[in-house]
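Notes for the one structure printed next.
Computed from a predicted model, the values in this text were never measured in an experiment.
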Amino acid sequence: VGLLANLSNTVPGPFAGSCDVPPMTEAIFKSASWGGFALHVAFFMLMKVQRLLYKTNPMQRECLAILLWSTSIVLVQICHPFYLTKLLGGRLHPDCAKRRVDCPDVFIVLLLVNALAVSHLTVPVRWCTLIPLEGTTLVLNAFCVFGLGSSDGLRRSLFHYFL
């Protein structure tokens, strides 16, 4: 529903009316969203090419699947409007007169945990190959929450991180 609302411009984007958002943030957000979608489509199309399947062994296909999941996790975390704005130098202060871009840490943590659970249960790989994916998720989440900062405060962010 959100994708259709964004395409039809019936609902303003996540940056509409916010204070101190760098000018290229919305363009980067849209291009990263469409780039992630195109990456997934290309991956699933490549996995249907018989010649490629014959030339690669199962371990190489596992590595490609883990790379796709890692890229997806990075895009979900970094391209969230709150973190993308802060990464590009925006100052999102709590007393914004127009509209705040909030950081839903609980939502992002639950999304990441569910993505990891789905990767464990649906991707046909050995679980030991998922260790880099889990490490990427933890390090990137720590960078975003503690390095870039969270709107929830340090105590609540620590609780969500160790959840």
Side-chain angles (χ1 to χ4, degrees), residues 1-3 5-7 11-44 62-123 125 127-163:
V1 174
L3 178 65
N6 286 340
L7 290 176
V11 177
F15 304 103
S18 300
C19 295
D20 298 325
V21 176
M24 290 299 294
T25 306
E26 190 166 1
I28 293 171
F29 175 74
K30 286 183 179 182
S31 63
S33 299
W34 284 107
F37 175 73
L39 180 69
H40 282 79
V41 169
F43 177 78
F44 289 117
E62 284 181 10
C63 289
L64 282 174
I66 298 304
L67 185 63
L68 176 75
W69 276 96
S70 295
T71 305
S72 300
I73 295 283
V74 168
L75 285 176
V76 164
Q77 184 80 30
I78 291 290
C79 291
H80 185 273
F82 181 83
Y83 293 127
L84 187 63
T85 302
K86 291 192 88 166
L87 188 66
L88 296 176
R91 291 178 298 122
L92 299 172
H93 45 86
D95 57 341
C96 179
K98 297 179 183 176
R99 179 175 171 254
R100 285 184 58 190
V101 177
D102 284 326
C103 173
D105 279 340
V106 175
F107 172 74
I108 291 176
V109 168
L110 288 175
L111 184 67
L112 295 176
V113 167
N114 285 327
L116 284 174
V118 166
S119 69
H120 278 284
L121 297 173
T122 61
V123 179
V125 298
W127 282 17
C128 63
T129 59
L130 292 172
I131 292 173
L133 175 66
E134 294 170 358
T136 301
T137 304
L138 288 173
V139 168
L140 188 64
N141 194 336
F143 168 73
C144 288
V145 170
F146 303 117
L148 296 176
S150 173
S151 63
D152 287 343
L154 181 65
R155 185 175 178 171
R156 193 168 180 188
S157 296
L158 280 170
F159 175 72
H160 291 156
Y161 183 74
F162 289 111
L163 184 75

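With a 6.0 Å radius and a threshold of 12 heavy atoms from other residues, nucleotides or ligands, Phe146 has its CZ atom above the threshold.
For Gln77, the side chain to side chain donor-acceptor pair (under 3.5 Å) test picks out no residue, with sequence neighbours left out. Here Leu110 pairs with Val106 under the side chain to side chain contact (heavy atoms under 4.5 Å, CB included) rule; sequence neighbours left out.
Rounded to the nearest 0.5 angstrom, Leu39 CG and Phe44 CZ are separated by 9.5 Å. In this structure, Phe29 CZ and Ile78 CD1 are separated by 13.0 Å, a value rounded to the nearest 0.5 Å.
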Show me the donor-acceptor pairs, under 3.5 Å and distance only, between side chains in residues 132-144 and residues at least two apart or in other chains.
{"from": "Glu134", "atom 1": "OE2", "to": "His120", "atom 2": "NE2", "distance (Å)": "2.5"}
{"from": "Thr136", "atom 1": "OG1", "to": "Pro132", "atom 2": "O", "distance (Å)": "2.8"}
{"from": "Thr137", "atom 1": "OG1", "to": "Leu133", "atom 2": "O", "distance (Å)": "2.8"}

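Here side-chain hydrogen bond (donor to acceptor under 3.5 Å, both in side chains) pairs that include residues 64-75, with residues two or more places apart or in two chains, are His40-Ser72.
Closest of all the heavy-atom pairs between Tyr83 and Leu148 is O-CD1, 3.8 Å. What you find for Ala115 and Ile73 is that their closest heavy atoms are CB-CD1, 3.8 Å.
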